[in-house]
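Scroll down for the structure; my scribbles are underneath it.
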Amino acid sequence: MAEIVIKGNKKLSGKITVQGAKNSVLPVLAGTLLCDGECVIHNCPHISDVDISFKILEFLGCDCKRQDKSVIVDASCVNAFSIPDSLMREMRSSVMFLGAIIGRMGKAVISSPGGCELGPRPIDLHLSALQKMGVKITEEHGNLYCDAPNGLCGSEIHLNFPSVGATENIMLAAATAKGTTVIHNAAREPEISDLGDFLNSAGARICGCGSDTIYINGVRKLYSTCHTIIPDRIVAATYLSCAALTGSKITLDNIMPSHMVSILSLFRESGSNIAVSGKSLTITGPKILCRVPTIRSLVYPGFPTDAGPLIIAMLSKADGTCVFVENIFENRFRYVDELNRLGTKIKVEGKIAIIEGVPSLSGASCKCTDLRGGAALVTAALAADGETNITEISHILRGYDDIVSNLQSVGADIKLIKE
Ligand code: EPZ
């Protein structure tokens with residue numbers, strides 16, 4: 001089984017170019033299903049969630065090719081409308097193909113996406129919105145049978161929670177629906193705006209992305225286009241936490257500072273110096289990390305839940321006790337037990353993690369429990385005395401392109417040991 005081996009307590013220095021955003025490229029790849037022709041997507045990261053998305057697109061009849069960081073998807077010959085259970089289980093966020101498949105084929109069959117390492121992942125908001133748009137949905141033997149006999153119709157939709165995935169699914173279904181769809185209490189994450197930009201470049205008529213009300217005027221069809229994926233703000237936060245925790249100075253290229261306001265302010269509050277210049281920034285980690293009394297994860301533009309594990313790892317050596325309140329997912333602290341094996345002192349009480357700062361960390365063997373929890377283990381291991389072995393690293397490879405070689409390039413003693 002592949003593992004990552006890190007010899008910690010090394011200063012980092014140099015430059016890392018941040019990859020394209022996983023949580024943007026996945027809905028954009030789903031959106032290529034709606035385009036009658038070839039779409040070229042640039043700045044597409046080499047991550048396993050993209051590989052699974054390719055398998056789904058190819059199963060549906062698309063032709064997918066990759067040329068380094070660009071992918072070409074030809075959806076001229078889409079001829080299927082179901083996603084096999086095996087693929088659904090490999091990537092729970094496959095549910096966001098639902099709106100696009102129905103938009104293209106008028107029907108869809110997917111297996112009910114199970115929960116995941118973050119707890120139950122309900123899709124009630126997705127389904128109730130699609131039903132309002134004219135989709136008949138029945139659940140049998142663990143499969144969802146979706147059918148829009150009269151096609152998709154625009155509708156006024158009020159989300160009781162600004163769900164990122166539900167907002168994306170509605171946008172994908174509404175892009176070629178008859179009439180206008182309005183999404184109230186829509187998610188405002190940058191990845192939503194990136195999806196809207198992609199769909200508009202293919203001929204859709206969407207406005208209001210980035211605000212809490214999105215208007216989609218359905219058009220008859222979408223066409224070939226090309227699009228460049230925005231930088232991954234959570235991967236950027238990951239490298240920032242590595243620099244902050246090791247007291248290092250590194251530069252990140254290909255970032256969008258405006259997408260990272262809440263993240264950057266937290267790194268500054270905990271003592272790092274951040275100098276932003278255009279689409280790059282240089283972080284200088286402090287000698288002593290300052291405690292941050294309370295951090296709360298919120299929907300955008302609040303502090304992102306996905307950056308929580310990385311910040312918690314960073315604050316493990318702060319000069320005091322910090323409290324992290326997780327407001328988005330039910331069970332996002334499964335990685336903490338593994339982190340404590342490296343000498344952190346973190347207690348979890350429900351949705352609250354209490355991080356008592358310690359003077360040093362020590363290498364140990366540990367295993368990933370989820371994508372961002374795995375990245376948190378890498379962050380802590382870089383600052384730990386001695387050697388750390390991290391297993392179950394497939395979680396990390398789902399969302400991080402070249403994390404080992406990127407960290408090697410700034411001086412980390414880190415190796416990927418293949419099976
Ligand atoms: C997206 O997940 C991201 N995934 C997640 O990133 C991210 O943590 C999350 O948004 C929040 O920002 C992708 O974009 C592929 P939600 P998603 O719908 O769409 C509840 C990572 O680390 N909810 O905004 O699933 C849900 O249970 C991943 O890259 C319902 O109750 O997030 C959760 O508590 C992890 N009913 C909350 O809303 C629904 O129908 C947030 O979910 C949908 C969601």
Side-chain angles (χ1 to χ4, degrees), residues 19-31 45 47-50 52-53 56 88 90-99 110 112-132 137 144 157-172 183 185-195 212 229-230 232-238 259 262-263 296-311 326-335 351 368-376 395-401:
Q19 71 185 61
K22 166 180 90 76
N23 292 348
S24 179
V25 72
L26 298 182
V28 165
L29 287 174
I47 54 177
S48 57
D49 272 9
V50 167
I52 297 164
S53 298
I56 292 171
M88 280 300 292
E90 274 194 73
M91 184 174 76
R92 127 172 237 283
S93 46
S94 319
V95 68
M96 77 175 67
F97 280 84
L98 192 55
I110 65 167
S112 306
C116 76
E117 55 278 348
L118 305 184
R121 299 291 291 273
I123 58 169
D124 54 305
L125 299 176
H126 300 241
L127 301 184
S128 54
L130 292 171
Q131 284 168 326
K132 281 197 81 173
I137 299 175
L144 291 172
I157 291 161
H158 294 258
L159 291 175
N160 64 24
F161 178 85
S163 156
V164 171
T167 301
E168 290 163 346
N169 239 332
I170 298 164
M171 288 167 69
L172 290 163
I183 309 173
N185 197 28
R188 299 167 53 190
E189 275 69 5
E191 293 75 24
I192 300 284
S193 299
D194 205 27
L195 175 62
D212 60 5
I229 298 293
I230 58 171
D232 194 311
R233 57 199 169 100
I234 308 301
V235 169
T238 305
H259 293 168
S262 61
I263 293 171
R296 292 177 181 81
S297 66
L298 294 167
V299 296
Y300 194 87
F303 186 83
T305 174
D306 295 345
L310 312 163
I311 292 303
E326 170 55 43
N327 291 308
I328 306 295
F329 287 106
E330 274 179 30
N331 179 17
R332 185 141 215 179
F333 292 128
R334 286 182 59 222
Y335 63 93
K351 66 175 199 171
C368 302
T369 55
D370 64 277
L371 166 61
R372 307 302 174 184
H395 289 286
I396 298 177
L397 304 180
R398 277 190 46 220
Y400 287 87
D401 182 354

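In this text, all values refer to a predicted model and were calculated from it rather than measured experimentally. Both ligands and their constituent atoms are indexed starting at 1 by order of listing. Heavy atoms only: backbone and side chains are in, while hydrogens, waters and symmetry mates are out.
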For this session: Drop me the distance from Met96's CE to Asn23's CG, to the nearest 0.5 angstrom.
Result: 7.0 Å

Exercise. Would a search of protein heavy atoms around atom 20 (C) of ligand 1 find one under 4.0 Å away?
Worked result: no

Exercise. Does CD belonging to Glu330 count more than 12 external heavy atoms closer than 6.0 Å?
Worked result: no

For this session: Please state whether Glu326 comes within less than 4.0 angstrom of ligand 1, counting heavy atoms only.
Result: no

Exercise. What are the atoms of ligand 1, with element, lying closer than 4.0 Å to any heavy atom of His126?
Worked result: 40 (O)

Exercise. Is it the side chain (CB and beyond), the backbone, both or neither of Glu191 that lies under 4.0 Å from ligand 1, heavy atoms counted?
Worked result: neither

For this session: Report yes if Val164 has an N/O atom closer than 3.5 Å to an N/O atom of ligand 1; otherwise report no.
Result: yes

Exercise. Among the heavy atoms of Pro122, does any lie under 4.0 Å from an atom of ligand 1?
Worked result: yes

Seminar exercise, completed: Nearest non-hydrogen protein atom to atom 33 (C) of ligand 1, with distance, is Ile328 O, 3.5 Å

For this session: Please report the shortest heavy-atom distance between Asn160 and Leu125, naming the atom on each side.
Result: OD1-CD2, 3.3 Å

Exercise. For ligand 1, which atoms, with element, lie under 4.0 Å from some heavy atom of Lys22?
Worked result: 21 (C), 29 (O)

Exercise. Where the side chain of Asp194 meets the backbone of Ile230, is there a donor-acceptor pair that is under 3.5 Å apart?
Worked result: yes

Seminar exercise, completed: Of all protein heavy atoms, the one nearest atom 15 (C) of ligand 1 is Asn23 OD1, 3.4 Å

Exercise. To which protein heavy atom is atom 32 (O) of ligand 1 closest, and what is the distance rounded to 0.1 Å?
Worked result: Phe329 CZ, 4.1 Å

Exercise. So is Arg372 polar-close to ligand 1, meaning N/O to N/O under 3.5 Å?
Worked result: yes

For this session: Among all protein heavy atoms, pick the one closest to atom 18 (O) of ligand 1 and tell me residue, atom and distance.
Result: Ser163 OG, 2.7 Å

For this session: Record the part of Tyr300 in heavy-atom contact with ligand 1 below 4.0 Å; permitted values are side chain, backbone, both and neither.
Result: neither

Problem set entry | Under 4.0 Å to a heavy atom of Ile123 - the qualifying atoms of ligand 1, by number | 39 (C), 40 (O)

For this session: May I ask you to decide if Ser297's main-chain N or O and Asn327's side chain share a donor-acceptor pair within less than 3.5 Å?
Result: yes

For this session: Please say whether Glu189 places an N or O atom under 3.5 Å from an N or O atom belonging to ligand 1.
Result: no

Exercise. Taking heavy atoms and a distance under 4.0 Å, where does Val299 meet ligand 1: side chain, backbone, both or neither?
Worked result: neither

Exercise. Counting only N and O atoms by type, is there a donor-acceptor contact under 3.5 Å from the side chain of Asp49 to the main-chain atoms of Gly399?
Worked result: no

Exercise. Which residue and non-hydrogen atom of the protein lie closest to atom 25 (O) of ligand 1, and at what distance in Å?
Worked result: Arg121 NH2, 2.8 Å

Problem set entry | Distance filter under 4.0 Å to Phe161 heavy atoms, resulting ligand 1 atoms | 37 (C), 38 (O), 41 (C)

Problem set entry | Shortest protein heavy-atom distance from atom 6 (O) of ligand 1, along with the residue and atom involved | Asp306 OD2, 3.0 Å

For this session: Heavy-atom contacts with Arg332 under 4.0 Å: which atoms of ligand 1 show up? List them by number with element.
Result: 8 (O), 22 (O)

For this session: Please test Glu191 against Lys22 for salt bridge (charged side-chain N to carboxylate O under 4.0 Å, His left out), starting from the C-alpha separation and ending with a verdict.
Result: CA-CA 9 Å; Glu191 293 75 24; Lys22 166 180 90 76; over 6 Å; no

For this session: Identify, for atom 40 (O) of ligand 1, the protein heavy atom at the shortest distance, and state residue, atom and that distance.
Result: Leu125 N, 2.8 Å

For this session: List every atom of ligand 1 that sits less than 4.0 Å from any heavy atom of Gly165, numbering the atoms from 1 in the order shown and giving each element.
Result: 18 (O), 19 (O)

Problem set entry | Close-contact set for ligand 1 against Ser93 heavy atoms, below 4.0 Å | 15 (C)

Exercise. Which protein non-hydrogen atom lies closest to atom 11 (C) of ligand 1, naming both residue and atom, and how far is it?
Worked result: Thr305 CG2, 4.1 Å

For this session: Heavy-atom distances under 4.0 Å are what count here, so tell me which part of His395 touches ligand 1: side chain, backbone, both or neither.
Result: neither

Exercise. For Arg372, does its backbone N or O pair with a side-chain atom of Asp306 as donor and acceptor, under 3.5 Å?
Worked result: no

